Structures are given as structure tokens and as C-alpha cells.
*Asks:* 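Below is a structure I'd like to ask you about.
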Amino acid sequence: ACELALEGVGFRYRNGHDAVSDVGLSLGPGIVGLLGPNGAGKSTLMRVLATLAKATTGRVTWRGEDIARKPDALRNELGYLPQDFGVYEALSAREFLQFLAAVKGLPARGVADRVDACLDMVGLHDAADRRLGTFSGGMRQRVGIAQALLNDPALLIVDEPTVGLDPEERVRFRHLLAELSAQRLVILSTHIVSDIEASAGELAVLTGGRLRFHGAPEALIAQA
Ligand code: ADP
Ligand code: ADP
């Protein structure tokens, strides 16, 4: 089933720069890797998909609804980990997630259980009460995933999550996203092919804001 559809999507910044041009994609469940070099337009496209920026041309639909007209239809089902995600170092992981749950407006009832469940999912159960200032880069990224899972999203968007991680943390992160994709659509952007070639069911390759390839990873390798 195609849940997220892009038709002729473009985004032009106010200075006139076309960061994304004429992207068409239909995405179902599983992991989709958005691959492209720095400056390709990945972050811009992900902000459009996360309803933080409005496409300047074309349209994006989620379960058939235009997200520019009905952003809440998507927002309620969306988890987003931005590239520049930061944590409050003085808080524990549990306190920080409880704070974010309140900011996101999740109903107070059941929040404590939901926070613990999210920390479990990302393997931070044992570190729940430690100050975030003591966390490694990989652990911080897992906190980032945990906050994106608070509302049990059907669509999870993660922007360059492996930047700054060591090889072991990268592998661990890859496995986590593979697990999470069993029940949801995960869109992962990266400029590192090895981050996604093994786990992505589909690849979308962006350069200069344009979609150059969309299909199975094997098809891209065969084409190269
Ligand atoms: P705007 O919506 O006006 O572009 P921003 O706050 O996004 O406002 O950016 C402010 C200015 O900085 C803009 O004029 C933009 O051209 C420039 N800018 C910001 N980020 C980048 C970038 N990554 N590459 C090029 N220019 C950028
Ligand atoms: P990626 O995530 O693939 O590195 P981005 O979406 O961040 O690419 O950027 C795509 C293009 O848009 C780049 O050329 C970048 O310099 C430009 N850009 C990013 N932000 C702005 C901005 N605020 N204003 C103008 N241009 C920008």
C-alpha cells in the first residue's frame, strides 16, 4: 500500500535557490533510503515531508490527504529526528522524554509508561536515569529516535542519523531502524551508501535536487 506520495514536488528558498525540483515518489512500508551527496536537497525534502516547510510546487499526500491542506493528518502519525537534534545535558533520558512528551501535547495519562517503552525500544532502559551529558553520540541519537517514537508514528523520518557515530554505533543504529521498519514507513537520509544498502528495501537517489533513481538497491548497483 502506498501511504506517502509525492507528485512534482519542488522547494525554492526565498533567495531563489531551487533545492528540490520535480520529485515524484510513491512510498509504502519498510525502509526507504534517501541517498545523495551534501547539498543534494535531502534535508530540504525531509522538512517538506515532515510538514516543516511547504512544497513550493507539486504536492505531497499522506493516506490520500494533501499535507499542505491537512498537516495534522500527517503530524499525528509522524516521528521526526532532525539532523541537528540536541539534548538537554542536565536532564536524565527519562526526564527529557517526559518533557518532550509534554511539549508534543501527548495526553499526560500513560506518558510515564510510554517513555519507558520508547527507552526500551532503543536499548536505553538501563541508562534511563543517567544525565544526558554523560551519553555518547550514539546514545544521544538513540534518545533522538526514542523521542520520535513517543506517539507511535506510522511514518518515521530520520535525517543523517549516523553522522558522527563510530562504526559499532552505526551498525547498532542500522539494526534498530530495521526493527522499527517492520511496523512503519521509515525514511532515512544519508550520504553514506553503506548505511543503507543492506537494510533499505528501496533507494531514492537525489542529486542537485532532482530524483535520479528510485528502486531496489540491487537495481542501482546493476545500473552503476
Ligand atoms: P530564508 O527563508 O529567507 O531563506 P533562512 O533563515 O532559511 O531564511 O536563511 C537565511 C539566509 O541564509 C537566506 O538568505 C539563505 O540564502 C541563507 N542560507 C541559509 N542556509 C543556507 C545554505 N545551507 N546554503 C545557502 N544559503 C543558505
Ligand atoms: P542535503 O541535506 O542533501 O545536504 P540541503 O537540503 O541541506 O541538502 O540543501 C540543498 C541545497 O539548498 C543546498 O544547495 C543548500 O546550500 C541550499 N540551502 C539550504 N538551506 C537554504 C536556505 N535557507 N536558503 C537557501 N538555500 C539553502
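Given the structure is predicted, the values throughout are model-derived calculations rather than measurements. Just follow the structure's listing: the first ligand is 1, and inside any ligand the first atom is 1.
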*Asks:* So, applying side-chain contact (heavy atoms from CB on, under 4.5 Å) with Val9, which one of Leu45, Asp22, Leu25 is it?
*Replies:* Leu45

*Asks:* Under 4.0 Å from any heavy atom of Asn38, which atoms of ligand 2 are there?
*Replies:* 4 (O)

*Asks:* Classify the contact between Asn15 and ligand 2 as side chain, backbone, both or neither, using a heavy-atom distance cut-off of under 4.0 Å.
*Replies:* side chain

*Asks:* So for atom CZ, which belongs to Phe213, do other residues, nucleotides or ligands contribute more than 12 heavy atoms lying within a distance under 6.0 Å?
*Replies:*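 Counting other residues, nucleotides and ligands, CZ of Phe213 exceeds 12 neighbours.
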
*Asks:* Provide the closest heavy-atom pair for Ala200 versus Pro217 in the form atom of the first, atom of the second, distance.
*Replies:* O-CG, 3.3 Å

*Asks:* Should you measure from each heavy atom of Ala40, which atoms of ligand 2 turn up under 4.0 Å away?
*Replies:*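 Selected atoms, number and element: 1 (P), 3 (O), 8 (O).
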
*Asks:* At under 4.0 Å between heavy atoms, is it the side chain or the backbone of Pro37 that contacts ligand 2, or both, or neither?
*Replies:* backbone

*Asks:* Does Lys104 have more than 12 heavy atoms from other residues, nucleotides or ligands lying within 6.0 Å of its NZ?
*Replies:*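 Yes, NZ of Lys104 has more than 12 neighbouring heavy atoms, counting only those of other groups under 6.0 Å.
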
*Asks:* Ignoring angles and geometry beyond distance, decide whether Ser43 reaches within less than 3.5 Å of ligand 2 through its nitrogen or oxygen atoms.
*Replies:* yes

*Asks:* Is there a heavy atom in Gly41 that sits closer than 4.0 Å to ligand 2?
*Replies:*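 Distance cut 4.0 Å: Gly41 passes for ligand 2.
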
*Asks:* Please check whether Leu45 reaches ligand 2 - meaning an N/O of the residue sits under 3.5 Å from an N/O of the ligand, judged on distance alone.
*Replies:* no

*Asks:* Provide the number and element of each atom of ligand 2 under 4.0 Å from a heavy atom of Ala19.
*Replies:* 10 (C), 11 (C), 12 (O)

*Asks:* Looking at ligand 2, does any of its N/O atoms fall within less than 3.5 Å of an N/O of Thr44?
*Replies:*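 Indeed, backbone or side chain, Thr44 has an N or O that close.
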
*Asks:* Looking only at heavy atoms, what is the nearest atom pair of Leu206 and Leu211, with distance?
*Replies:*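 Heavy atoms of Leu206 and Leu211 come nearest at CD1-N, 3.7 Å.
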
*Asks:* Taking all heavy atoms of Leu149 and all of Met121, pick out the closest pair and write down the distance.
*Replies:* CD1-SD, 4.1 Å

*Asks:* So which bit of His17 gets within less than 4.0 Å of ligand 2, heavy atoms only: side chain, backbone, both or neither?
*Replies:*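 The answer is the side chain of His17.
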
*Asks:* Fit a plane to each ring of Tyr13 and Phe11, take the angle between them on a 0 to 90° scale, and name the class: parallel (under 30°), tilted (30 to 60°) or perpendicular (over 60°).
*Replies:*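 The rings of Tyr13 and Phe11 stand perpendicular, inter-plane angle above 60°.
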
